[in-house]
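Note: hydrogens, waters and symmetry copies are ignored here, and every other heavy atom, side chains too, is used. Residue indices begin at 1 and follow the sequence shown.
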Amino acid sequence: MTVQEFMEMFIDPDAQHIQIWSDAEEKIVYDGDYGDVPEHVNYAEVSSIDNVYADNKGVICLNVWEV
């Protein structure tokens, strides 16, 4: 599943705050609203999802293999 495919499940994805962690680079490569995510990041394959149910102030962290 790509970042874009995951985010399409939300009613208003552009307003959702997300962080994208690159497993390959071992760092956060994007932190902000989905509506501002760089286009090439949309096609990164999601390896796992963190912070969906934790007390994270609404931020979802998507882990991707590489960007």
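One hydrophobic cluster, built from ILVMFWY side chains closer than 4.5 Å, cannot hold both Met1 and Trp21; they sit in different ones. There is a path of hydrophobic side-chain contacts, each under 4.5 Å, that joins Val41 to Met9. Residues Val37 and Phe10 share a hydrophobic cluster, clusters being chains of Ile/Leu/Val/Met/Phe/Trp/Tyr side chains in contact below 4.5 Å.
How far CE of Met7 is from CG of Asp14: 8.0 Å, rounded to the nearest 0.5 Å. With rounding to the nearest 0.5 angstrom, the OH atom of Tyr34 is 12.0 Å from the CG atom of Asp12. The CG atom of Asn42 lies 10.0 Å from the OH atom of Tyr30; values are rounded to the nearest 0.5 Å.
Using a 4.5 Å heavy-atom cutoff, the side chains of Ile18 and Val59 are not in contact.
The backbone N or O of Asp23 lies less than 3.5 Å from no partner atom in the side chain of Glu26, so there is not a single donor-acceptor pair. Within the 3.5 Å criterion, the main-chain N or O of Ile60 finds no donor-acceptor partner in the side chain of Gln19. For the pair Ser22 (side chain) and Lys27 (backbone), a donor-acceptor distance under 3.5 Å is absent.
Heavy-atom neighbours of Glu66 CD from other residues, nucleotides or ligands within 6.0 Å: at or below the threshold of 12.
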For a side-chain contact (heavy atoms from CB on, under 4.5 Å) check, start with the C-alpha distance between Glu45 and Val3, then their side-chain angles and the critical distance, and finish with the verdict. CA-CA 6 Å; Glu45 288 289 325; Val3 170; over 6 Å; no
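In terms of heavy-atom proximity, Ile49 sits nearest to Asn63 at N-ND2, 4.4 Å.
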